[in-house]
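Notes for the one structure printed next.
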Number of protein chains: 2
Amino acid sequence: MSESKRLYPIVNADVALFTLDAESRLRVLLIQRANNPAPKGWALPGGLLNPEVDNSLDDTALRVLASKTQVALPHLEQVVTHSGPDRDPRGWSVSTLYYALLPSNQVPAVAGNKTEAIEWADPEKPGHRLGFDHAQMLAKALATLRDKVVRGALPLHLLPPQFTITELQRACEAILGHELDKGAFRRQLKNSVAMEEVPGEFVRGPPRPAQLFRAVPNLPF
Amino acid sequence: MSESKRLYPIVNADVALFTLDAESRLRVLLIQRANNPAPKGWALPGGLLNPEVDNSLDDTALRVLASKTQVALPHLEQVVTHSGPDRDPRGWSVSTLYYALLPSNQVPAVAGNKTEAIEWADPEKPGHRLGFDHAQMLAKALATLRDKVVRGALPLHLLPPQFTITELQRACEAILGHELDKGAFRRQLKNSVAMEEVPGEFVRGPPRPAQLFRAVPNLPF
DNA sequence: GCAATAGTGTCTATTAGACAATATGGG
DNA sequence: CCCATATTGTCTAATAGACACTATTGC
């Protein structure tokens, strides 16, 4: 076994799963590990590549998510691949990092059989010290997500199937960590082909009703 | 051996090495493979991770480059990681793609002992059909490089230690595939801290001499 | 009418693109 | 002086940010 360790590195996928909580704050899923290495340690969810069932590392990431959440097909995006002999106590390892977006109305993550506990944490200040190089990974995943939104991408995958423009703006603000101007935000949406109007309306509470939108199918991000 | 293939994927690094030719056109290094798999097939240079000598996949990529070129430390940047059971005939494989930038005045690549031939090719229209998924990889590497330049990054690593603003503009144009406005290009450089003036001057040929610049050390890209 | 939010309009400072004008060397 | 390029300046259209204004519902 130690011989194969030297010849073949460990290959796995780690996932920073983001969602919005009830107050529209950005949250990331952390798990407390039950098994070796680092039992009781907190980390991003991840799992070893299984060549017999996975057709790609994307599949590995999806398997990891399937064991933690109820959502069928979360949006997945590759961030970066870390590698080295010392970043995992089991030996030379290669880890591909993904971020995933979970719609805010989905069933939240559930504790699986391989985890002691789970927690939706503030990605800027996770309450636990993360093992391996996962603190660095989380920061990189958040930076990549923010970068996409800054460049004009709409985080539609964080929202329910139908949503108002204000909800979309709140999602962007949660990701970026600061408020956005309503006028400028709506103006830019005029040029976007990623979402479209839905004939129905929104009638909740006291305020004026708002137009509902939905994501145009088969679009990136 | 076939058992270990199933348990551990092949891990390797592939590199799209870009440089500028004498006419300041963007070129990418292609190799004709001598060994299995795909002997005589053209591909991007790449090599298997060697856990005994590599401290990261970056090191693997640097080893690959060292065997093809004379340059000591080319600029290296990770692009994406491809994976799957069928993309390499040897079995389940994980390939991390890098792009590298070679200064235009450096000694060009030399044919190594594991390659039949090398060629500096037009990255938009390589003259050979590339094996594996390397055509897709090359397109992705070029897109990533262009993206960085569009976002304002300066490809200083494609240039000799000292260069004129016009040479830098030619490098950007070669990457982007279209011409840039001289005035706008120079205006943006005023806000850049990535390069600085060199007291010396440039005296070649008939035209007016041009100010030489150099990259500020320890800067990304 | 009032509260609260949806949706629109306006003004301005900044910027990218196009392009003109000037500067400076060799021959 | 002429040529070729370096370097700078100018004009304009497009854009982002700030902010004010109007619209529409429930109560």
Side-chain angles (χ1 to χ4, degrees), chain A residues 20 22-24 104 146-154 156 159-160 162-214, chain B residues 20 22-24 104 146-154 156 159-160 162-214:
Chain A
L20 299 177
E23 288 81 31
S24 288
S104 52
R146 282 182 172 166
D147 195 54
K148 285 212 63 161
V149 173
V150 166
R151 300 182 194 297
L154 303 175
L156 303 178
L159 297 173
Q162 298 196 353
F163 52 88
T164 66
I165 292 187
T166 299
E167 289 171 335
L168 178 56
Q169 184 180 341
R170 296 285 171 273
C172 290
E173 291 171 340
I175 291 171
L176 296 177
H178 59 79
E179 295 190 349
L180 298 173
D181 181 77
K182 183 172 51 171
F185 187 80
R186 300 176 90 95
R187 197 190 328 171
Q188 291 179 317
L189 290 189
K190 291 290 191 293
N191 307 326
S192 173
V193 294
M195 42 181 282
E196 62 190 4
E197 205 170 297
V198 177
E201 269 193 9
F202 205 29
V203 203
R204 193 185 51 188
R208 168 180 174 179
Q211 177 64 53
L212 281 172
F213 289 81
R214 66 176 163 231
Chain B
L20 299 177
E23 287 80 33
S24 290
S104 52
R146 282 182 172 165
D147 195 54
K148 285 212 63 161
V149 173
V150 166
R151 299 180 194 298
L154 303 177
L156 303 178
L159 298 173
Q162 297 197 352
F163 52 87
T164 66
I165 291 188
T166 298
E167 289 171 334
L168 178 56
Q169 185 179 342
R170 295 286 171 271
C172 289
E173 290 171 340
I175 291 171
L176 297 176
H178 60 81
E179 295 189 349
L180 298 173
D181 181 79
K182 185 170 50 173
F185 187 80
R186 300 176 90 96
R187 195 193 309 152
Q188 290 180 318
L189 291 188
K190 292 289 191 292
N191 306 327
S192 173
V193 295
M195 43 181 281
E196 61 188 6
E197 204 170 300
V198 177
E201 267 192 12
F202 204 32
V203 203
R204 193 185 52 190
R208 166 179 173 180
Q211 176 65 54
L212 281 172
F213 289 81
R214 64 175 164 233

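As the structure is a prediction and not an experimental result, all values here were calculated from the model. Within every chain, numbering begins at 1; the chains are lettered A, B, ... in the order of the sequence lines, protein sequences first and strands thereafter. Just the heavy atoms: all of them, side chains too, but no hydrogens, waters or symmetry mates, feed the values below.
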(Q) Using a 4.0 Å heavy-atom cut-off to protein, can you give one letter per nucleotide of nucleotides 18-23 of chain D, 5' to 3': B if the base is in contact, S if only the sugar-phosphate is, - if neither? (A) BB---B
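Atom CG in L168(A) sits roughly 18 Å away from atom P in dT5(C) (whole-Å rounding). Here the C1' atom of nucleotide dA16(D) and the CG atom of L189(A) are 14 Å apart, to the nearest Å. Taking atom CD of residue Q211(B) and atom P of nucleotide dA23(C), one finds them 19 Å apart after rounding to whole Å. As rounded to whole Å, 18 Å separates atom P of dT22(C) from atom CZ of R186(B). In this structure, N191(A) atom CG and dT15(D) atom P are separated by 7 Å, rounded to whole Å. If you measure from atom CG of L180(A) to atom P of dA16(D), you get 13 Å, rounded to the nearest angstrom. Note: CZ (F163(A)) to C1' (dA6(C)) measures 16 Å, nearest angstrom. Regarding K190(B), its NZ atom lies at a distance of 5 Å from the P atom of dT8(D), rounded to whole Å.
Looking only at side-chain heavy atoms (C-beta outward), R186(B) and D181(B) stay at 4.5 Å or farther from each other. Residues R146(A) and V149(A) are not in side-chain contact: their nearest non-hydrogen atoms beyond the backbone lie 4.5 Å or more apart. With a 4.5 Å cut-off on side-chain heavy atoms, F213(A) and L156(A) do not count as touching.
Of the listed nucleotides (dG25(C), dT8(C), dA16(C)), dG25(C) has the atom at the smallest distance from the side chain of P209(B). For A210(A), the side-chain atoms get nearest to dG7(C) when compared with the rest of dG7(C), dA6(D), dT5(C).
The distance from the NZ atom of K148(B) to the CG atom of L154(B) is 10.0 Å, given to the nearest 0.5 Å.
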Considering only distance and modelled atom types, tabulate donor-acceptor pairs under 3.5 Å from the side chains of residues 168-175 of chain B, sequence neighbours left out.
residue	atom	partner	partner atom	Å
Q169(B)	NE2	E173(B)	OE2	3.2
Q169(B)	NE2	L180(B)	O	3.0
R170(B)	NH1	E173(B)	OE1	3.1
E173(B)	OE2	L180(B)	N	2.9

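Among the protein residues, T166(B) comes within range of the sugar-phosphate backbone only, with heavy atoms under 4.0 Å from sugar or phosphate atoms but none that close to a base.
Taking every heavy atom of both residues into account, Q162(B) and E167(B) meet most closely at O-OE1, 4.3 Å.
Side-chain N/O atoms of Q188(B) include one lying less than 4.0 angstrom from OP1 or OP2 on dA16(C).
Q211(A) contributes no side-chain N or O that, together with a main-chain N or O of T164(A), makes up a donor-acceptor pair within less than 3.5 Å.
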